Number of protein chains: 2
Amino acid sequence: MARAGLNTRRVTEAGAALADEVGFDRVTVSELARRFDVRVASLYSHVRNSEDLKVRIALFALEELADRAADAIAGRSGKEALVALADVHRDYARAHPGRHTAARYRLDPETAARSAGPRISQMTRAILRGYELEEPDRTHAVRLLGGVFHGYVDLEMSGGFDHSSPDSDQTWVRSLDALDSLLRHWPAP
Amino acid sequence: MARAGLNTRRVTEAGAALADEVGFDRVTVSELARRFDVRVASLYSHVRNSEDLKVRIALFALEELADRAADAIAGRSGKEALVALADVHRDYARAHPGRHTAARYRLDPETAARSAGPRISQMTRAILRGYELEEPDRTHAVRLLGGVFHGYVDLEMSGGFDHSSPDSDQTWVRSLDALDSLLRHWPAP
DNA sequence: ACATCTACCTAAATCCTTTAGGCAAAAGTG
DNA sequence: CACTTTTGCCTAAAGGATTTAGGTAGATGT
């Protein structure tokens, strides 16, 4: 009997693809087995359990996101970098809704620390070098931006802005204008 | 045999309580039945299915959130109103993490339109009356604030800011300062 | 007092998760 | 190249969650 050639990486990637198709919370080991045309139990050699699978998908998505972010901000600074980084989040969410959800899956602290999450924060911090912010305001700004990137994209994806004008693209552009302006004129305490 | 006295409302509320205890995604009809000391099938007279239960919890949470928001902004304006509304979101998330997650559960468009969600947007729009924003910038600002409230609180809850300084309370205060400043000096297109 | 409705029940099918133990293909070793 | 080990997939089986169909007893209204 021919082997499917499974390994943890391949299973994780298939899980990510499945998440994009049916939603992260509907990813099941069973469905994955069906797609590989393999018995369910076989997958348990590659993944500890259902939770482990989800964590792996989350880590995978974070890596992808961090890689794209690194690409996007390379050679850019100031507002250009800000927009590029913001667009990475938004574009990723649109292209890969399931993975984007996965990227925000709650990880336990040690796992989170070893994930690409900190790398993403670091990059957000890096683009703030183009603005004149001293600590602790720089940290405050990193967190605020993180919140906006994640929160705005989430609301948009959940369809909240769908049938109302102006369309969401315009709000996105103007919100980034506004954030850029805010970072240039960050208020004193 | 004594009756438990179930009805849809009571089941929904118990579901909300369960969500706060174990997490929204771990709410199951079975666990709820156990808590009511009732057979699982009995709950299916009150709730169509598992999805229906989740939707009901989501709608319930949105109502609670809207009610608190209404209370909080009554008699306030400008920055005071902004902070009050922002704190409603954050405090609700802390007190009721499961419900807060539920409040962002994806609803189909018609259900979403009938939910308390629009009421919350309306209130966000209302507090912007204290700032000099014309359309479409007012709408842009409503969406940006929605994103921040939701996104920041989410990141905070997921533990991202836990073991780093400055502490998250300070970032929250300063972020609201910054947003207030941004709304007062919203950049021209 | 009687009919009806409501709240809950038993039973059963289906699906997902997870573990235990086995066999055969692939990979490393003398 | 034969031989052992590892790896990849298997069958089997138990435990839960979901959902439907159809039944009964307590509560309610006339």
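In what follows, chains are A, B, ... by sequence order, proteins preceding strands, each numbered from 1. All values derive from a computational prediction rather than experimental measurement.
Across all strands, B:Arg26 comes closer than 4.0 Å to no nucleic acid atom at all (heavy-atom distances).
At C:dC16, one or more side-chain N or O atoms of A:Arg34 fall inside 4.0 Å of OP1 or OP2 (strictly under the cut-off). For D:dC10, the OP1/OP2 oxygens have a side-chain nitrogen or oxygen of A:Ser42 closer than 4.0 Å. Phosphate proximity of C:dC8 to B:His46: present, with a side-chain N or O under 4.0 Å from OP1 or OP2.
The separation between A:Arg39 atom CZ and D:dT7 atom P is 24 Å, rounded to whole Å. Here the C1' atom of nucleotide C:dT19 and the CG atom of A:Asp52 are 16 Å apart, to the nearest Å. The nearest whole Å value for the distance from the CG atom in A:Leu32 to the C1' atom in C:dT17 is 14 Å. The interatomic distance linking B:Leu6 (CG) with C:dA7 (P) rounds to 8 Å, in whole Å. If you take CG of B:Asp37 and C1' of C:dA7, they are 15 Å apart, rounded to a whole angstrom.
For A:Glu21 and A:Arg26, the salt-bridge test fails: no basic side-chain N is under 4.0 Å from an acidic carboxylate O. Under 4.0 Å is where a charged nitrogen must lie from a carboxylate oxygen, and between A:Glu110 and A:Arg114 no such pair does. Salt-bridge check for B:Glu13 with B:Arg9: passed, with a basic side-chain N closer than 4.0 Å to an acidic carboxylate O. Between A:Arg90 and A:Asp169, at least one side-chain N (NZ, or NE/NH1/NH2) sits under 4.0 Å from a carboxylate O, which counts as a salt bridge.
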Could you go through nucleotides 18-20 of chain D and list every protein N or O atom that sits under 3.5 Å from one of its N or O atoms, giving the distance for each pair?
residue, atom, partner, partner atom, Å
D:dT18, OP2, B:Val29, N, 3.1
D:dT18, OP2, B:Ser30, N, 3.1
D:dT18, OP2, B:Ser30, OG, 3.1
D:dT19, OP2, B:Tyr44, OH, 3.0
D:dT19, OP2, B:Ser50, N, 2.7

* Asked: When you look at A:Ile57 and A:Leu18, which way does the side chain to side chain contact (heavy atoms under 4.5 Å, CB included) test go after all the steps?
  -> CA-CA 10 Å; A:Ile57 296 172; A:Leu18 179 59; over 6 Å; no

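A cation-pi contact, defined as under 6.0 Å to the ring centre and within 45° of the axis, links A:Arg143 to B:Phe161.
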